[in-house]
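Just so we're on the same page: letters track the sequence lines, and every chain starts at 1.
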Amino acid sequence: MRTHSCGQLRAEHIGETVTLCGWVDRHRDHGGVIFLDLRDRTGLIQIVSDPERTPNSYQQAGDLRNEYVVKVTGRVSQRPSDSLNPRLATGEVEVYADHIELFNAVNRQLPFQVSAAETENVREELRLKYRYLDLRRERMSRNLQLRHQVTKTLRRYLEDVQGFMEVETPILTRSTPEGARDYLVPSRVSPGEWYALPQSPQLFKQLLMVSGVDRYYQIARCFRDEDLRADRQPEFTQLDMEMSFMTQAEIFALNEDMVCHLFKTVQGVELSRPFPQLTYAESMERYGTDKPDTRFGLELVNVSDLLKDSGFKVFSGAIASGGVVKVLPIPQGNDAISNVRIKPGGDLFKEAETCGARGLAYIRVRENGEIDTIGAIKDNLTPTQTQELLERTGAQAGHLLLFGAGDTNMVNKTLDRLRQVVGRELGLIDTSQLNFLWITDFPMFEWNAEEKRLEAAHNPFAAPHPDDLHDLKTARSQTYDLVLNGFELVSGSLRIYQPEIQQQVFELIGMSMEEAHRRFGFMLEAFDYGAPPHGGLAYGLDRLVMLMAGEESIRDVIPFPKTQQARCLLTAAPSGVDAQQLKELHVASTYQPKSST
RNA sequence: GGGGGUGUAGCUUAGUGGCUCAAAGCAGUCGCCUGUCGAGCGAAAGAUCGUGGGUUCAAAUCCCAUCAUCCCCGCCA
């Protein structure tokens, strides 16, 4: 039907007769000469029609409106030297339309302007309702194509360079304990029983290792029925990988090579290797989080030992009850951050409060080591302590020191959050950087205070660190995350492949042997038939593409995303269904609409 | 479940108690215009001010409720 794409035409095509198809991006009718910008996903090309040179198309050209779908046949011509458009890739040429065929007009008012020239931010609600129009627009078209380039490059690399094979795993599977809430699907043929949609292909990919697949990958859709965020959708996509007979170092090397290849191929960016590594413990100590944004400094300083005997009870009390005192030192913080903001009611104070902090102690460092703070702190600091404090935090005149004191998790959470807010506000973030960072050695278990039991910190299949086998309760696991600019991009581990260790882990998270066998018996059994040592990881593909696209929400790299209420504004899902459908599925809703008063 | 923001013409916004206060740009319609590329000029048209209730002589504006959407907390092994 067509000979070229719109965005493809260059000076080399001058003189050729071409046929193009696409949408009318914009039309400029000068009364004598008509210009049309014709658009397809490859770009824009200017079409020209006038009564003398293109008498056959002139009438039709005048009747065209934005977003009409047309076929244009014409001659590619050099533009007059004073009419070149350097902002268009095709701006050196134009097409004289000998013939224009209209495929479809637009019969309704457009809900928003689609043209590439239109830069206004349309309300997202509208964009989602008319997503097919939104996807025509340059930004989303670009994101969609970027996403394709990313998956294509990853596939080529994994298959052709590393010998991975893609294997599909079930979407209808069984519900697993732990983890996120499952999406459930009722079984018609097994009344009262349910499938779950997979939160990840975890179990299957491990079974594939037992099957001898050796190197597996899948662009896998995953489902988690939890509340949404800018970077969380109920269905999302992982690049899921699992490998047999590889050490952690080998897995890292392969993945770094893949990521570097990806950025080089898709964006022409050369990343430096190897990626830095930080243990979980060190990351928590220095940044208060397991996914630090290392594009800026503002590292936390632990001063617990220095202040454990302080007369200021907020500090000494925190340490006495097993907590910590840590400092977020902010260079030039004195000028940048007023007292109003860090005192009760201030925005930074409120940030701290939402993390559980009850106060936000601070010290302002003045000239010659003088400090400025509340009396209760100043009176209880000896000159030696003060000096030591300034030395350890690297504080100079102008520094603002913000303190977190209390429960370790709370302090870390508070100072991590403040660090991010301040880092952003003070413009410390070099947005051109791509800081990849491996976080390793996560703990095997975390204490769930509500349920009064240990739970798997990562997932219950992560192998314990070989040095820590003597006490699994406090063991580190061979788990790793890959962090990019503060986003958890990848998560993985070496897996347990000995059934007896797997059983011990199940027991430690409070799962009886019977329950473990009932739920994972197939897995334990499989491991009894010769499971290879294996490990793997999964990339949050939406997040990866989002970061590469420079977007702030994964919705902008997902063609048809859900709203925060997990609704699809385009199709109006979820929706009610016929009573007959429910009956066949042996399902009845217990939902009672709120009575209107 | 909780905290915060947004909702005014098809779109993007202005308007924070009254006096042409319902306004502007773009889009759409009509007319003019032979080198524009966010074309230009001109005309007419276009708004239950999210919805419902309340306060007031008077509400887009204040109050209450509600709906939608966004950000965050909880949640997301």
5'-most by nearest nucleotide on RNA chain B - Ser200(A) or Ser553(A) |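 By nearest-heavy-atom nucleotide position, the 5'-most residue is Ser553(A).
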
Could you pick out which residue, His27(A) or Arg555(A), lies toward the 5' side of RNA chain B when each is mapped onto its nearest nucleotide?
->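 Its nucleotide being nearer the 5' end, the pick is His27(A).
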
Tell me which nucleotide among [options] gets nearest to the side chain of [X].
X: Glu125(A); options: C76(B), C37(B), U69(B); answer: U69(B)
X: Leu569(A); options: U69(B), U36(B), G74(B); answer: U69(B)
X: Glu94(A); options: U12(B), U36(B), C76(B); answer: U36(B)
X: Arg229(A); options: C37(B), C11(B), C72(B); answer: C72(B)
X: Gln564(A); options: C73(B), C71(B), G74(B); answer: C71(B)
X: Tyr96(A); options: G35(B), G74(B), U12(B); answer: G35(B)
X: Arg65(A); options: U29(B), C11(B), U34(B); answer: U29(B)
X: Arg28(A); options: C11(B), C37(B), C75(B); answer: C37(B)

Is His458(A) stacked on the base of A77(B) when the test is centres under 5.5 angstrom and planes under 30 degrees?
->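 No, His458(A) does not stack on the base of A77(B), since the centre distance and plane angle fail the 5.5 Å and 30° test.
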
Whether Phe35(A) stacks on the six-membered ring of U36(B) base, 5.5 Å and 30° limits =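 Yes; by the centre-distance and plane-angle rule, Phe35(A) counts as stacking on U36(B).
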
Side chains of Thr169(A) and Leu208(A) in contact at under 4.5 Å (non-hydrogen atoms) =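 Yes, side chains in contact.
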
Would you say Asp182(A) and Trp194(A) make side-chain contact, with heavy atoms under 4.5 Å?
->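 They are not in side-chain contact.
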
With no angle test and no hydrogens, is the base of [N] tied to the side chain of [X] by a donor-acceptor pair under 3.5 Å?
X: Asp227(A); N: C75(B); value: no
X: Arg79(A); N: C37(B); value: yes
X: Arg108(A); N: G28(B); value: no
X: Arg26(A); N: C37(B); value: no

Under 3.5 Å donor-acceptor, Arg224(A) side chain and Pro234(A) backbone |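 Here the side-chain-to-backbone pair does not exist.
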
Reckon Asp29(A) touches a base, only the sugar-phosphate, or nothing at all at heavy-atom distances under 4.0 Å?
->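 Contact class for Asp29(A): base.
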
Which part of the nucleic acid, if any, lies within reach of Pro80(A) when heavy atoms closer than 4.0 Å are counted: base, sugar-phosphate only, or nothing?
->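 Base, at least one base heavy atom under 4.0 Å.
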
Taking side-chain contact (heavy atoms from CB on, under 4.5 Å) as the test, write out the residues that go with Met140(A), two or more places apart.
->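 If we apply the side-chain contact (heavy atoms from CB on, under 4.5 Å) test to Met140(A), skipping adjacent residues, the hits are Arg127(A), Arg131(A), Asp134(A), Leu135(A), Asn143(A), Asp556(A).
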
Should the pair Tyr130(A) and Tyr132(A) be assigned to parallel (<30°), tilted (30 to 60°) or perpendicular (>60°) ring geometry?
->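 The arrangement is perpendicular - the two ring planes meet at more than 60°.
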
Could you label the plane-to-plane angle of the Tyr183(A) and Phe223(A) rings as parallel, tilted or perpendicular, counting under 30° as parallel and over 60° as perpendicular?
->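 Ring orientation, 0 to 90° scale: perpendicular.
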
Rounded distance in Å - CG (Asp25(A)) to P (G38(B)) |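 The distance from CG of Asp25(A) to P of G38(B) comes to 11 Å, rounded to the nearest Å.
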
Rounded off to whole Å, could you give me the CD-to-C1' distance for the Glu124(A) and G5(B) pair?
->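 For the pair Glu124(A) CD and G5(B) C1', the rounded distance is 14 Å.
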
Check ring-ring contact (aromatic ring centres under 6.0 Å, His included) between His13(A) and all other residues, then give those that pass, not counting sequence neighbours.
->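 Per chain and number, His13(A) pairs via ring-ring contact (aromatic ring centres under 6.0 Å, His included) with His4(A).
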
Strictly below 4.0 Å, heavy-atom distances to any atom of RNA chain B: list the hits from residues 43-54 of chain A, or just say none.
->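 Contacting residues: Gln46(A), Glu52(A), Arg53(A).
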
Do any side-chain nitrogens or oxygens of Lys413(A) fall under 4.0 Å of OP1 or OP2 in G74(B)?
->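 Indeed, a polar side-chain atom of Lys413(A) lies that close.
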
